[in-house]
Amino acid sequence: MANTVIQATPTQIEAMQKAYLANMSDKIPPGAIFAVKKAGLSITAYKSGKVMFQGTQGEREAAKWGTATTPKAKASKVSTSVLPAGFASKNVVGSDEVGTGDYFGPMIVAACYVDQAMMPLLKQLGVKDSKAMTDPEICEIAKKIIPVVPHSLLLLPNPKYNELQAKGMNQGQMKAILHNRALENVLTKIRPIKPDAVLIDQFAEKNTYYRYLAKEPSVVREDVFFATKAEGLHLSVAAASIIARSRFVEAFQNMERELGLLIPKGASSKVDQVAADILDTKGPETLQKYTKWHFANTDKAKALSRRN
């Protein structure tokens with residue numbers, strides 16, 4: 001049974017309690033605040049702020065609250081121990097994504113090919129885990145590596161994201177499709193070179209990932225590995241993360257210029273207030289253009305809006 005975990009604020013947990021009141025369970029696990037049982041779905045909220053969604057509807061339901069992630073308990077099944085020896089020095093195509101937990105802004109996936117000959121230069125240019133860098137640092141390094149690293153960058157605009165979501169496609173499936181296509185693009189670019197491996201920054205179980213790709217005309221399967229925190233396992237993923245993040249920062253800056261507002265990243269209460277301001281001044285059509293409309297932030301913004 002698939003599990004999805006989000007890190008929720010006290011306000012979000014309170015909102016969940018109200019939303020699922022009719023399906024509350026009397027059996028509450030140790031350390032939990034509440035538990036929900038309904039057809040195809042079990043939800044457990046813990047005092048730590050973590051909320052686990054289980055069942056066939058788990059991932060889709062978690063995404064409604066804005067910050068769906070793969071729980072560490074599952075992700076730990078894939079670690080450095082399952083990667084071939086000396087993996088960090090192999091010739092690898094790696095992929096990563098950004099923007100999946102942000103209410104505002106697009107979802108972006110990048111894939112990069114990095115071989116042994118390229119590694120000293122990338123290290124010299126400062127390529128490392130993008131989570132340890134500021135946005136200006138990321139953008140500066142991205143400018144330097146984009147001309148020298150074979151890569152593919154795919155951006156899913158919010159209008160298209162919302163269209164796909166309304167048709168029943170969950171965020172995990174969108175990510176899988178983008179990763180697969182970005183990887184295919186890079187493999188095509190570097191032919192006839194064949195990499196030693198492909199490394200995907202893990203966001204879903206392997207079987208789930210491939211199930212998401214069931215309708216794709218072609219799927220990258222050969223020598224594919226999945227690992228969490230893959231930016232630290234190979235420079236190809238670190239480079240992909242930097243390129244994706246740089247494009248996300250650029251998209252955010254363009255969005256702020258178009259709206260004439262400073263917009264917070266993520267899906268916090270600050271995001272709710274800015275979204276409410278956009279509803280009041282520019283209307284729902286404008287807000288929907290720039291956001292992942294199914295996130296819980298939409299309803300919260302509507303509640304805060306003076307239009308009510």
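None of these values were measured; they are calculated from a predicted model. Computed over heavy atoms, backbone and side chain alike; hydrogens, waters and symmetry mates excluded.
You'll find the side chain of Phe34 reaches within 4.5 Å of the side chain of Ile13, heavy atoms only. The shortest side-chain heavy-atom distance between Lys175 and Met107 falls under the 4.5 Å cut-off. With contacts defined as side-chain heavy-atom distances shorter than 4.5 Å, the pair Leu154/Asn185 qualifies. The shortest distance between side-chain heavy atoms of Val198 and Val92 does not fall below 4.5 Å. Side chains of Thr228 and Asp201 form no contact here, defined as non-hydrogen atoms less than 4.5 Å apart. Between Thr298 and Lys302 there is a side-chain heavy-atom pair separated by less than 4.5 Å. The closest side-chain heavy-atom distance from Pro195 to Leu187 is below 4.5 Å. Contact check for Pro84 versus Phe225: side-chain heavy atoms found under the 4.5 Å cut-off.
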So Val109 and Leu153, side chain to side chain contact (heavy atoms under 4.5 Å, CB included) or not? Walk me through it.
CA-CA 6 Å; Val109 171; Leu153 180 70; over 6 Å; no
Could you please spell out the steps behind the side chain to side chain contact (heavy atoms under 4.5 Å, CB included) verdict for Met174 and Ile177?
CA-CA 5 Å; Met174 295 182 212; Ile177 291 171; 6.0 Å; no
Starting from the C-alpha separation in whole Å, work towards a yes-or-no answer on side chain to side chain contact (heavy atoms under 4.5 Å, CB included) for Asp196 and Asp223.
CA-CA 7 Å; Asp196 297 323; Asp223 298 319; over 6 Å; no
Could you please spell out the steps behind the side chain to side chain contact (heavy atoms under 4.5 Å, CB included) verdict for Leu122 and Val149?
CA-CA 9 Å; Leu122 295 185; Val149 177; 3.8 Å; yes
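Across all their heavy atoms, Val237 and Gly94 have their closest contact at CG2-CA, 3.7 Å. Between Ala267 and Gly101, the shortest heavy-atom contact is CB-O, 3.8 Å. Across all their heavy atoms, Ile141 and Gly126 have their closest contact at CD1-O, 3.4 Å. Considering every non-hydrogen atom in both Ala276 and Ala301, the closest pair reads CB-O, 3.5 Å. Residue Leu199 comes nearest to Ala227 through the heavy atom pair CD1-CB, 4.1 Å, listed as atom of the first residue, atom of the second, then distance. Closest approach of Asp280 and Ser305 over heavy atoms only: OD1-OG, 2.5 Å.
In this view, Glu97 satisfies the salt bridge (charged side-chain N to carboxylate O under 4.0 Å, His left out) rule with no residue, not counting sequence neighbours.
Here the straight-line distance linking atom CG of Leu213 with atom CZ of Arg221 works out to 7.5 Å at 0.5 Å rounding. For the atom pair CE (Met169) and CG (Leu164), the distance works out to 5.0 Å, reported to the nearest 0.5 Å. To the nearest 0.5 Å, atoms CZ (Phe203) and OG1 (Thr100) are separated by 9.5 Å. In this structure, the separation between CD on Gln273 and CG on Leu304 is 5.5 Å, given to the nearest 0.5 Å. Here CD of Gln54 is found 5.5 Å from CE of Met52. Values are rounded to the nearest 0.5 Å. Taken to the nearest 0.5 Å, the CD1 atom of Ile242 stands 12.5 Å off from the NE2 atom of His151.
Side-chain atoms of Glu258 and Tyr290 form a donor-acceptor pair, as typed in the model, at a separation below 3.5 Å. Between Tyr161 and His294, the side chains place a donor N or O and an acceptor N or O closer than 3.5 Å (distance only, hydrogens not considered). No hydrogens or angles considered: nothing links the side chains of Ser268 and Tyr103 as a donor-acceptor pair under 3.5 Å. Between the side chains of Asn158 and Thr291, no donor N or O sits under 3.5 Å from an acceptor N or O. Donor-acceptor pairing under 3.5 Å is recorded for the side chains of Tyr20 and Glu61.
Here the side chain of Glu216 pairs no donor or acceptor atom with the backbone of Ser218 at under 3.5 angstrom. Within the 3.5 Å criterion, the main-chain N or O of Gly99 finds a donor-acceptor partner in the side chain of Lys292. Not a single donor-acceptor pair under 3.5 Å links the side chain of Asn91 to the backbone N or O of Asp115. Checked by atom type and distance alone, the side chain of Lys37 never pairs as donor or acceptor with a backbone atom of Lys27 at under 3.5 Å. Of the possible donor and acceptor atoms, none in the side chain of Thr208 sits under 3.5 Å from a partner among the backbone N and O of Ala204. The backbone N or O of Lys229 lies less than 3.5 Å from no partner atom in the side chain of Gln202, so there is not a single donor-acceptor pair. Under the 3.5 Å distance criterion, the side-chain polar atoms of Asn180 are matched with a main-chain donor or acceptor of Val220. Of the possible polar contacts, one joining the Asn170 side chain to the Gln173 backbone as a donor-acceptor pair under 3.5 Å is found.
Atom NZ of Lys123 sits in a sparse spot, with 12 or fewer heavy atoms from other residues, nucleotides or ligands closer than 6.0 Å.
Between Lys128 and Glu231 there is no salt bridge, since no side-chain N of the basic residue sits under 4.0 Å from a carboxylate O of the acidic one. Under 4.0 Å is where a charged nitrogen must lie from a carboxylate oxygen, and between Lys289 and Glu285 no such pair does. A salt bridge does not link Arg181 to Glu184: none of the charged side-chain nitrogens sits closer than 4.0 Å to a carboxylate oxygen. A salt bridge between Asp135 and Lys265 is present, with a side-chain N of the basic residue lying under 4.0 Å from a carboxylate O of the acidic one.
Val274 and Val249 sit in two unconnected hydrophobic clusters of ILVMFWY residues. Membership requires side-chain heavy atoms under 4.5 Å apart, directly or through other members. Cluster annotation: Ile190 and Met119 are assigned to the same hydrophobic cluster (Ile/Leu/Val/Met/Phe/Trp/Tyr, side-chain heavy-atom contacts under 4.5 Å, transitive). Residues Ile28 and Ile43 are members of separate hydrophobic clusters, defined by side-chain heavy-atom contacts under 4.5 angstrom among Ile, Leu, Val, Met, Phe, Trp and Tyr. Connection of Tyr210 to Tyr212 is not established within any shared hydrophobic cluster, with ILVMFWY side chains joined at heavy-atom distances below 4.5 Å, either directly or through further cluster members.
In this structure, Phe87 has its ring center closer than 6.0 angstrom to the ring center of His234.
Counting only residues at least two apart or on different chains, the ring-ring contact (aromatic ring centres under 6.0 Å, His included) pairs with a member in residues 236-277 are Phe248-Phe252.
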